[in-house]
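In what follows, a structure is listed as structure tokens, so that the remarks can point back to it.
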Amino acid sequence: MTKDRVLIFDTTLRDGEQSPGATMTHEEKLEIAQLLDEMGVDIIEAGFPIASEGDFRAVSEIAKLAKTSTICGLARANYKDIDRCWEAVKNAKSPRIHTFIGTSPLHRAIPNMTMDEMAERIHDTVTHARNLCDNVQWSPMDATRTEWDYLARVVEIAIKAGATTINIPDTVGYTAPRESARLIERLIAEVPGADDVIFATHCHNDLGMATANALAAVEGGARQIECTINGLGERAGNTALEEVVMALKVRGDIMPFETQIDTTKIMHISRRVATVSGFPVQFNKAIVGKNAFAHESGIHQDGMLKNAETFEIMRPADIGLSASSLPLGKHSGRAALRAKLKDLGYELADNQLNDIFVRFKDLADRKKEVFDEDVLALVRQSDTIEDHLRLQELKVVCGTGGPATADMTLIIDGTEANITATGDGPVDSAFNAVKALFAHQARLQLYQVHAVTEGTDAQATVSVRLEEDGRIATGQSADTDTVVASVKAYLNALNRLIIRRERSAPGEDTKEIRYTDAN
Ligand code: KIV
Ligand code: ZN
């Protein structure tokens, strides 16, 4: 059976990064872009260049480093945005400008434009973008709540003005599969010129239907799916790349479409995005959740041992999960650790391996078996983030009948500082000690603890999200001691905030520009 090709447009670095708290550092954005390029993503939406200096710099550098992906930037429907976007993407081997405007009644009311005024604006801005770049995508934001006649009218205008891709966003996750398919079908059938462009689908997951809606749109004729790794994105997120790609692969019998994604790279990029965005993947998440391939019940295990297909519709190896996950122990050497890391998708330079090996030995002394998740937690901790603040020593005394006391020594920009602080429990006292040693205004938005594996000697992974003057940073750390992991995660988040403060030209990393502004 011949299969139609579906383009994968990844917007983890734009729509995903827009999710409050998911902000990534510059280096992290470049790393994720490189992984997306390597896994065969057709189009990477690398950012919103006018939003901040940081976004502009990230999009420009990603444009230069991408080997095969088309690099796209987002722009509102005005010349300034479009010019800035072109500046950022123009050095890519294959650049694209993506310009949009909200076309539904609610969105039209924000810039207070009449239907005719907006139609004229669409004509002018798409024409302007097309004069700069051969590859122009246009989106009527909130398309699924736009009146049919108006939607058909503005899609035709955008096509006539030179758009090469028409994206139909379900901005608020409102549509349902049959409606999603029908909308694309009808646009292709009724809008003059529709055969000359590619239709794309961009779904949000507010009702949990983003994957189903995207696949239905493909059945209706869309040939580009917009998605993010782990479904990252505002509110309930976007369509998850791993879900649509694996659905098309596994059910090629009823959905005769193919992508060029190397699915064996899915697990690695999923873990990296979870780490750098600070948004952990839920355990039962389809495809990439910790439990997606776990078979705990007796009946399942019995069936799996007889024939893996009894309960598995895809193999773990298809998404890059190693089939065997034998734990390491304190006698495992550097070569075994290197092999395990390679299995998990990490090929590290010798100095990085040495660093992780020292911490692996330390962990193996405290913990009988070191599982894959433990090794991954060690890798996450070695993420290169400048250490302005580092934990040197911590002793906590706690118990019933009084406040906890934390005696802490920090290295602050190379200088040792010590204090004893009290608090309501061990973590509170330790965080109070950090605040006393390093005064700051950052507000704790999230504190989350997960056990990496089972057992009372399990490592705890802690995520801390801090907010300061609109800047948000998430820190993570793991340790067999939950309080130590908590302090290290807190310091990690503070270090990220300090770096953002230092790097911020006015406006950098604070997305002051609202997506609903047309001007
Ligand atoms: O959800 C949406 O409508 C968007 C547009 C900017 C394409 O992300
Ligand atoms: Zn969106």
Side-chain angles (χ1 to χ4, degrees), residues 7-20 22 43-51 55 59 72-78 81-82 84-85 89 96-108 110-111 118 121-122 125-126 129 135-146 150-151 154-155 158 163-175 180 183-184 187 197-211 213-214 217 222 224-241 244 277 511 513-519:
L7 300 171
I8 295 295
F9 175 110
D10 182 278
T11 183
T12 307
L13 297 172
R14 199 278 298 169
D15 217 334
E17 215 248 351
Q18 206 177 304
S19 176
I43 305 113
I44 299 173
E45 187 162 52
F48 184 23
I50 197 109
D55 261 41
V59 179
C72 172
L74 185 70
R76 292 167 301 175
N78 66 66
D81 271 43
I82 292 169
R84 189 76 173 144
C85 178
V89 297
R96 174 181 292 190
I97 296 174
H98 176 193
T99 179
F100 74 100
I101 195 162
T103 51
S104 66
L106 286 166
H107 282 271
R108 287 198 305 266
I110 298 169
M118 185 168 281
R121 172 75 71 98
I122 292 164
T125 48
V126 174
N135 189 339
V136 172
Q137 171 166 328
W138 179 73
S139 296
M141 188 165 70
D142 207 13
T144 53
R145 293 192 301 167
T146 300
Y150 191 59
L151 182 64
V154 288
V155 165
T164 44
T165 299
I166 300 290
N167 175 39
I168 301 299
D170 182 29
T171 305
V172 290
Y174 179 70
T175 196
S180 173
L183 183 59
I184 302 282
L187 285 166
V197 298
I198 288 181
F199 275 83
T201 176
H202 176 111
C203 300
H204 281 264
N205 203 30
D206 299 64
L207 292 172
M209 292 192 281
T211 295
N213 289 338
Q224 175 177 302
I225 299 179
E226 307 211 353
C227 47
T228 59
I229 301 293
N230 299 339
L232 195 69
E234 273 199 291
R235 308 184 312 278
N238 291 61
T239 301
L241 178 147
V244 284
S277 66
K511 304 269 164 65
I513 291 181
R514 297 197 352 258
Y515 282 70
T516 43
D517 283 346
N519 299 296

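We count residues from 1, following the sequence as given. Ligands are counted one by one from 1 in listed order, and the atoms in each one are counted from 1 as well.
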>> For Gly73 versus Pro49, what's the shortest heavy-atom pair and its separation?
In response: CA-CD, 4.2 Å
Select one of side chain, backbone, both or neither to describe which atoms of [X] lie under 4.0 Å from any atom of ligand 1, heavy atoms only.
| X | value |
| --- | --- |
| His204 | side chain |
| Thr171 | both |
| Arg14 | side chain |

>> If we ignore hydrogens and angles and just use 3.5 Å, is the side chain of Thr11 paired with the main-chain N or O of Asp15 as donor and acceptor?
In response: yes
> Counting both backbone and side chain atoms, is some N or O of His202 under 3.5 Å from an N or O of ligand 1?
Replying inline: yes
>> Under 3.5 Å between any N/O of Asn167 and any N/O of ligand 1: does that happen in this structure?
In response: no
Numbering as shown, the atoms of ligand 1 that approach [X] to under 4.0 Å (heavy-atom distance):
| X | result |
| --- | --- |
| Asp15 | 8 (O) |
| Pro169 | 2 (C), 3 (O) |
| Met141 | 3 (O) |

Side chains of [X] and [Y]: donor-acceptor distance under 3.5 Å anywhere?
| X | Y | result |
| --- | --- | --- |
| Thr103 | Thr146 | yes |
| Glu45 | His98 | yes |
| Asp142 | Thr171 | no |
| Asn238 | Thr228 | no |
| Thr144 | Asp170 | yes |

> Name of the His204 N, O or S atom nearest the Zn ion (ligand 2)?
Replying inline: NE2
> Can you tell me the N, O or S atom of His202 that's nearest the Zn ion (ligand 2)?
Replying inline: NE2
>> Given the ring of Tyr150, does Arg108 sit roughly above its face, with NZ or CZ under 6.0 Å from the centre of the six-membered ring and within 45° of the axis?
In response: yes
> N/O/S of Asp15 less than 2.8 Å from the Zn ion (ligand 2)?
Replying inline: yes
